[in-house]
Structures are given as structure tokens and as C-alpha cells.
Amino acid sequence: QVQLVESGGGLVQTGDSLRLSCAASRSTFGGNVMAWFRQTTGKERVFVARISGSGSNTDYADSVQGRFTISRDNAKNTVYLQMNRLKPEDTAVYYCAAGDIYSVRPQQYNYWGQGTQVTVSS
């Protein structure tokens, strides 16, 4: 069992930056693929970014490529999402997820955090 706790969300203006953190409870965190997804009301959860267990591989949704950076610190059991040049369309609840498969599909992640709200005003 892995428990994930996100933090760092908030209300910002267009063009601002935020850094989300996701702390994992398990010391074997380094073996898990980690990802960030986001969800708006009435819509499905969508892929934002993923990172391999070692941190050597990362991938991004086209909508955030070049603006967002996913990283991890396995010594701290924490994954981060640095979000720069935020846009109103980035407004969503952001979830971190842990799994065994390097996937963009939410169904293939086993553990989820509770979510953190990011709101970008225009």
C-alpha cells in the first residue's frame, strides 16, 4: 500500500508559476512510476506528465510540454510538478499517481492522492 499526499496548489494569475509536491509513504517509492493527472468538473482525468522510477525518463502531454517539469527525489519519497507560464486552461484538480507501468492511462495506476486544486485567473 502506498499513500500519496499532494500539496502546493492554489490560486495564481496567468503567467505565474506553481510547484506541486506529492509525498509517498512507502520507502520502496523509487521502484514506482509516478505521474500527474488533472481533472475538471464533469470531465475525465487526463494525463499531464510521467516519470520513471529512476527519473531518467519523462513524458508530457502536448498541452504542457515546455511549461511543466516533472521530477522526483527518491531519497525524500517525493515527486514534483513545476508549472510555469500557467494559463487559465490549466485550472483543474491535480492528482499524483503511482504504478508499475509507464503509462499515460489513469486505469494503469494503482495509487492516487487526494488531489490539489490549481486555479489560474485571467
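Hydrogens, waters and symmetry mates are skipped; everything else that's a heavy atom, side chains included, is used.
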Indicate yes or no for a side-chain donor-acceptor contact from [X] to the backbone of [Y] under 3.5 Å, with no hydrogens or angles considered.
{"X": "T14", "Y": "K87", "result": "no"}
{"X": "T78", "Y": "K76", "result": "yes"}
{"X": "R67", "Y": "R85", "result": "yes"}
{"X": "D73", "Y": "A75", "result": "yes"}
{"X": "E6", "Y": "C96", "result": "yes"}
{"X": "T116", "Y": "Y94", "result": "no"}

Atom pair [atom1]/[atom2] of [X] and [Y] - distance to nearest 0.5 Å:
{"X": "T58", "Y": "R72", "atom1": "OG1", "atom2": "CZ", "value": "11.5 Å"}
{"X": "Y102", "Y": "I51", "atom1": "OH", "atom2": "CD1", "value": "7.5 Å"}
{"X": "D90", "Y": "S63", "atom1": "CG", "atom2": "OG", "value": "7.0 Å"}
{"X": "L20", "Y": "F68", "atom1": "CG", "atom2": "CZ", "value": "8.0 Å"}
{"X": "N110", "Y": "N32", "atom1": "CG", "atom2": "CG", "value": "8.0 Å"}
{"X": "R50", "Y": "R105", "atom1": "CZ", "atom2": "CZ", "value": "12.0 Å"}

| Greater than 12 external heavy atoms within 6.0 Å of Q114's CD | yes
| task | Inspect the surroundings of CD in E44 and state if more than 12 heavy atoms from other residues, nucleotides or ligands are less than 6.0 Å away. | result | no
| message | For residues V120 and L81: do they belong to one hydrophobic cluster (side chain heavy atoms under 4.5 Å, members Ile, Leu, Val, Met, Phe, Trp, Tyr)? | response | yes
| query | Would Y95 end up clustered with V64 when hydrophobic side chains under 4.5 Å apart are linked, directly or stepwise? | reply | no
| request: Give the intermediate values and the outcome of side chain to side chain contact (heavy atoms under 4.5 Å, CB included) for residues Q108 and V33. | output: CA-CA 10 Å; Q108 294 189 306; V33 175; over 6 Å; no
Can you see which heavy atom on [X] is nearest to which on [Y], and at what distance?
{"X": "S21", "Y": "W36", "answer": "O-CH2, 3.7 Å"}
{"X": "Y60", "Y": "F47", "answer": "C-CE2, 3.7 Å"}
{"X": "S71", "Y": "V79", "answer": "O-CG2, 3.0 Å"}
{"X": "Q117", "Y": "V93", "answer": "OE1-CG2, 3.2 Å"}
{"X": "P106", "Y": "R45", "answer": "CG-O, 4.0 Å"}
{"X": "M34", "Y": "I70", "answer": "O-CD1, 4.1 Å"}

| task | Check whether any side-chain heavy atom of V118 sits under 4.5 Å from a side-chain heavy atom of M83, and report yes or no. | result | yes
| said: For a 4.5 angstrom cut-off between non-hydrogen side-chain atoms, does L18 reach L86? | reply: yes
